[in-house]
Amino acid sequence: DCWFYSPNTIAFISGQTGKLMYVMHNSEYPLSCFALFENGPCLIADANFDILMVKLKGFFQNAKANKIESRGTRYQYCDFLVKVGTVTMGPSARGISVEVEYCPCVIANDCWNLLMEFMQSFMGNHTPGIPSVFGTKHDSIYGPADTMVQYMELFNKIRKQQQVPVAGIR
């Protein structure tokens with residue numbers, strides 16, 4: 001799940017603009033909380049970080065109905081972990097997320113071609129391209145914060161989409 005916090009403009013010095021902060025949780029890491037800024041650092045804290053955000057209400061405001069989450073099923077196929085989820089914002093479904101992990105490899109670029117081949121086997125031509133987080137990771141170890149950055153990008157994309165009215169479908 002992800003909560004969006006907007007900067008309180010009174011708290012910032014004039015001439016500076018604040019960025020949205022995303023406070024996220026992941027069921028794979030139940031004792032951790034992730035705080036991310038757009039194009040900025042990712043803080044990994046314990047689960048009580050949410051309580052700290054209440055204390056920082058002079059700097060960041062949590063706008064009501066700003067929660068977006070992906071809930072679904074986790075599958076394991078040999079060395080692959082696949083999570084398929086429905087992305088909801090408030091009471092409405094807004095999209096589908098598919099997360100794929102090749103468990104034996106910790107250097108994402110070393111197994112990207114294998115991941116692509118595996119995803120193409122069940123997603124066909126809906127297989128995504130290489131994630132932007134890989135551009136900065138080259139040969140470094142892929143960690144939980146990298147996954148959260150990808151979820152932040154997905155949630156941002158979905159949050160900014162305009163609802164297109166559906167007409168003529170029965």
Quick check: is [Y] connected to [X] through a chain of hydrophobic side chains (ILVMFWY, heavy atoms under 4.5 Å apart)?
| X | Y | answer |
| --- | --- | --- |
| Ile141 | Leu81 | no |
| Val23 | Val54 | no |
| Leu115 | Leu154 | yes |

Minimum heavy-atom separation for [X] to [Y], with atom names?
| X | Y | answer |
| --- | --- | --- |
| Gly95 | Ile158 | CA-CD1, 4.5 Å |
| Cys2 | Met24 | SG-CG, 3.7 Å |
| Ala145 | Phe34 | N-CE2, 4.3 Å |
| Ala35 | Phe49 | CB-CE2, 3.7 Å |
| Asp146 | Gly143 | OD2-N, 2.8 Å |
| Glu99 | Tyr151 | OE1-OH, 2.6 Å |

### Task
Under the side chain to side chain contact (heavy atoms under 4.5 Å, CB included) rule, what do Val98 and Met123 come out as? Steps first, then yes or no, please.
CA-CA 10 Å; Val98 179; Met123 294 179 74; 4.1 Å; yes
Euclidean distance, [Y] [atom2] relative to [X] [atom1], rounded to 0.5 Å:
| X | Y | atom1 | atom2 | answer |
| --- | --- | --- | --- | --- |
| Phe60 | Leu52 | CZ | CG | 10.5 Å |
| Ser32 | Asn26 | OG | CG | 9.0 Å |
| Phe4 | Gln61 | CZ | CD | 16.0 Å |
| Ile130 | Asn109 | CD1 | CG | 5.5 Å |
| Met53 | Cys33 | CE | SG | 9.0 Å |
| Thr127 | Asn125 | OG1 | CG | 7.5 Å |

Do [X] and [Y] touch side chain to side chain, with heavy atoms closer than 4.5 Å?
| X | Y | value |
| --- | --- | --- |
| Asp46 | Leu31 | no |
| Tyr102 | Val100 | no |
| Arg74 | Glu28 | yes |
| Thr73 | Val84 | no |
| Trp112 | Pro131 | yes |
| Tyr5 | Leu56 | no |

### Message
Please determine whether side chain to side chain contact (heavy atoms under 4.5 Å, CB included) holds for the pair Leu20 and Arg159, giving the CA-CA distance in whole Å, both sets of side-chain angles, and the decisive distance to 0.1 Å.
### Response
CA-CA 13 Å; Leu20 282 177; Arg159 185 176 62 88; 3.3 Å; yes
### Query
How about Tyr22 and Asn156: does a side-chain donor come under 3.5 Å of a side-chain acceptor?
yes
### Message
Under a 3.5 Å cutoff, is there a donor and acceptor pairing between the side chains of Thr147 and Tyr142?
### Response
yes
### Task
Using modelled atom types only, decide if a donor and an acceptor are shared between the side chain of Arg94 and the backbone of Gln161 within a distance under 3.5 Å.
yes
### Message
Please determine whether side chain to side chain contact (heavy atoms under 4.5 Å, CB included) holds for the pair Ile68 and Thr88, giving the CA-CA distance in whole Å, both sets of side-chain angles, and the decisive distance to 0.1 Å.
### Response
CA-CA 6 Å; Ile68 188 168; Thr88 57; over 6 Å; no
### Query
When you look at CD1 of Ile96, are more than 12 heavy atoms from neighbouring residues, nucleotides or ligands closer to it than 6.0 Å?
no
#### Entry: Cationic N near anionic O, under 4.0 Å, Glu101 to Lys83
no
